[in-house]
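Positions are given from 1, in the same order as the sequence printed here.
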Amino acid sequence: MDDMTFLAVTPHPTPTRELLADAAARRGLDVVELSAGEGAAALRGRAGGHYYGGPALAASVVEDLGVALLEPADSWLTGLPREFTGRTVTAGTFAQARRLTGPAFVKPPTDKSFPAAVYADGGALPDGPHPDSPVQISDVVEWVAEFRLFVLDGCVLTGSQYATYGRLDAVPLAGHPRRSAVLDFAGRFLAAGGDTLPSGVVLDVGLLGGGRGWAVVEANMPWFSTVYAADPGRALDVVLRAAGPVAALRDRDRRFWRAC
């Protein structure tokens, strides 16, 4: 059995999949594209597995891959102090969101079961999610700029602006005029609350409009996050930690192990 460290990737091509696969290959990892039909059965028992792809595929392959997926708790954002969120964020169910009588930003905590967006009221939410599905409900705010940060052991390895005023606008964090402000805020947050997140995580932060300062947007799983204009090689370091061998799982990360 070949014990070479490998990265198993989704069979669906995306720009991020290609960037991470190229970075992994340059590093000497074996990149294996998972078969949509056969899953990961051919990789069963092989050591050194890592994963990049969506949660639905992950549920059918991680056992064969021997991979532990890390993700923030669903309730993570709602438990942060307002000094870091800059807005009111509450946890609820899809049924409760359906009863909203005014505009709110509503999203599923980690999956993509419906689009995260500002909805005019509960009746504007799409059909489909189970009434008991968890959701996050927050104030409607204006984000001047939003940044994605790839964080490993409490340190930002790389990042990218990904939006301005809600529109896609990918620019590398390196050399960005707001780089120092982004890193200052992220550093302050990670010093205070880094232990509430997995050791490998994607942290999104942004500048609120109206002079309200910097705030946390959300946290995401690196193994299902877009790189945008971040350095793919440094982002790969975070992906490998967040979706690596069960045997290498650290004690501090066990509470973030996703049950598939």
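Between the side chains of T164 and D169, at least one donor-acceptor pair of N or O atoms lies under 3.5 Å.
For R17 (side chain) and G53 (main-chain N/O), no donor-acceptor pair under 3.5 Å exists by modelled atom type. Between the side chain of S138 and the backbone N or O of V89 there is no donor-acceptor pair closer than 3.5 Å.
To the nearest 0.5 angstrom, D204 atom CG is 7.0 Å from S225 atom OG. Atoms CG and CG, from L240 and L152 in turn, are 9.5 Å apart once rounded to the nearest 0.5 Å. Atom CZ of F147 and atom CZ of R178 lie 6.0 Å apart (nearest 0.5 Å).
Heavy atoms only, all atoms of each residue included: P172 and A229 are closest at N-CB, 3.5 Å. The nearest pair of heavy atoms linking V201 to V238 is N-CG1, 3.5 Å. The two residues G54 and W223 come nearest to each other via the heavy atoms C-CZ3, 4.2 Å.
For residues 205-215, no residue pair satisfies the side-chain hydrogen bond (donor to acceptor under 3.5 Å, both in side chains) rule, not counting sequence neighbours.
Using a 4.0 Å cut-off between a side-chain N of Lys or Arg and a carboxylate O of Asp or Glu, R27 and D237 qualify as a salt bridge. Between R252 and D195 no salt bridge is recorded (no basic side-chain N to carboxylate O distance below 4.0 Å).
When the side chains of ILVMFWY residues are joined at heavy-atom separations under 4.5 Å, either directly or via intervening members, F185 and L197 end up in a single hydrophobic cluster. Connection of V217 to V182 is not established within any shared hydrophobic cluster, with ILVMFWY side chains joined at heavy-atom distances below 4.5 Å, either directly or through further cluster members.
Annotation for E18: atom CD counts as buried by contact number, over 12 foreign heavy atoms lying within 6.0 Å.
Relative to the six-membered ring of Y228, R148 misses at least one condition, a distance below 6.0 Å or an angle of at most 45° to the axis.
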